[in-house]
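Report on the following structure.
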Protein chains: 2
Amino acid sequence: MLHDPAQLDLMFQALADPARRQMVDRLSRGPASVSQLAEPLAMSLSAVVQHLNLLEASGLVRTQKVGRVRTCQIEPKALRAAEHWINERRLSWERRLDRLGDFLVETKDET
Amino acid sequence: MLHDPAQLDLMFQALADPARRQMVDRLSRGPASVSQLAEPLAMSLSAVVQHLNLLEASGLVRTQKVGRVRTCQIEPKALRAAEHWINERRLSWERRLDRLGDFLVETKDET
DNA sequence: GCAATAGTTAAGTAAATGCTTCAGTGTTTG
DNA sequence: CAAACACTGAAGCATTTACTTAACTATTGC
């Protein structure tokens, strides 16, 4: 479910915005309400709610409402999925470089 | 230089687009020319060049022109920077959960 | 019950994004 | 040298994005 390309798309899209990354950063230090998330941001509460909805749709953040306050937390599984996508590509490249290096070493003294 | 927030911004922005991620994916399997990058994509070569320029500006891809062909490769250091950003936030959250778990275990038999 | 609090929703708008086409620029190849 | 090749750049356009304001709905505290 987390590796389906549509979800991955939403995640990277969500992480593309500085305000949303700041929200994720704040949440990485612990849960927060919508107003707490909004506090350091130079925009209306309404804008923050819209960002938060994107973050939730992407799976990066989970929220639950108790009374009138919505408490938000990070969903580490989603973060891990994005991390994993990048990591696989990087490793694929680096393994390729390693093989190339091996080949060069092997052929070095075959002149 | 890679951890400066502006560069990180460009990187996540670059990774947000599916076509650009597909290009990164292709490049993770080895270098490619602009036309080779364009081949699987359902858009004009010109559009691909525009995506490529973003990828290069973000630091994720490095290119060099020899004759009339521009050869592109992944810059693993940049990928690592994006990876690192996500990883730190996830770990920060998970460490917090661990401490919380420890606390609950420690307090359990103090009834 | 009536404020104040915490958030939600809708509508509008300016700017950014992701394309397209078209008219180039250098570079090889026959 | 001429034609094909591999891009490149500018202009234009439709859509999406990131906001804003304003009106509204639930809670909670006095």
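Keep in mind the model is a prediction, meaning the values are calculated, not measured. Chain identifiers are assigned alphabetically (A, B, ...) following the order of the sequence lines, protein sequences preceding nucleic acid strands; residue numbering begins at 1 within each chain.
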Using a cut-off of under 3.5 Å, enumerate the N/O to N/O pairs linking the protein to nucleotides 25-30 of chain D.
residue, atom, partner, partner atom, Å
dT27(D), O2, Arg68(A), NH1, 2.8

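Screening residues 43-53 of chain B for side chain to side chain donor-acceptor pair (under 3.5 Å) gives Arg20(B)-His51(B), Asn53(B)-Arg70(B) as the qualifying pairs, with residues at least two apart or on separate chains. Residue pairs meeting the salt bridge (charged side-chain N to carboxylate O under 4.0 Å, His left out) criterion with at least one member in residues 6-16 of chain A, sequence neighbours excluded: Asp9(A)-Arg21(B).
When rounded to the nearest whole Å, the span between CG of Leu15(A) and P of dT17(D) equals 15 Å. Atom-to-atom, CD of Gln13(A) to C1' of dT17(C) comes out at 10 Å; the value is rounded to the nearest Å. Atom CZ of Arg21(A) is separated from atom P of dA18(D) by 12 Å (rounded to the nearest Å). The distance between atom CG of Asp17(A) and atom P of dT17(D), rounded to the nearest whole Å, is 11 Å.
No contact: Gln36(A) has no heavy atom under 4.0 Å from any strand.
A side-chain donor-acceptor contact under 3.5 Å links Thr63(B) and Glu56(B).
For the pair Arg96(A) and Trp93(A), the cation-pi test (distance below 6.0 Å, angle within 45°) is passed.
Under the side-chain hydrogen bond (donor to acceptor under 3.5 Å, both in side chains) criterion, Asn87(B) pairs with Glu83(A), not counting sequence neighbours. Residues passing the ring-ring contact (aromatic ring centres under 6.0 Å, His included) test with Trp85(A), sequence neighbours excluded: Phe12(A).
Looking at residues 42-54 of chain B, you'll see Met43(B), Ser44(B), Ser46(B), Ala47(B), Gln50(B), His51(B) sit with a heavy atom under 4.0 Å from some atom of DNA chain C.
Atom NZ of Lys65(B) and atom SG of Cys72(B) lie 10.5 Å apart (nearest 0.5 Å).
No chain of hydrophobic side-chain contacts below 4.5 Å, direct or via other Ile, Leu, Val, Met, Phe, Trp or Tyr residues, connects Leu10(A) to Leu27(A).
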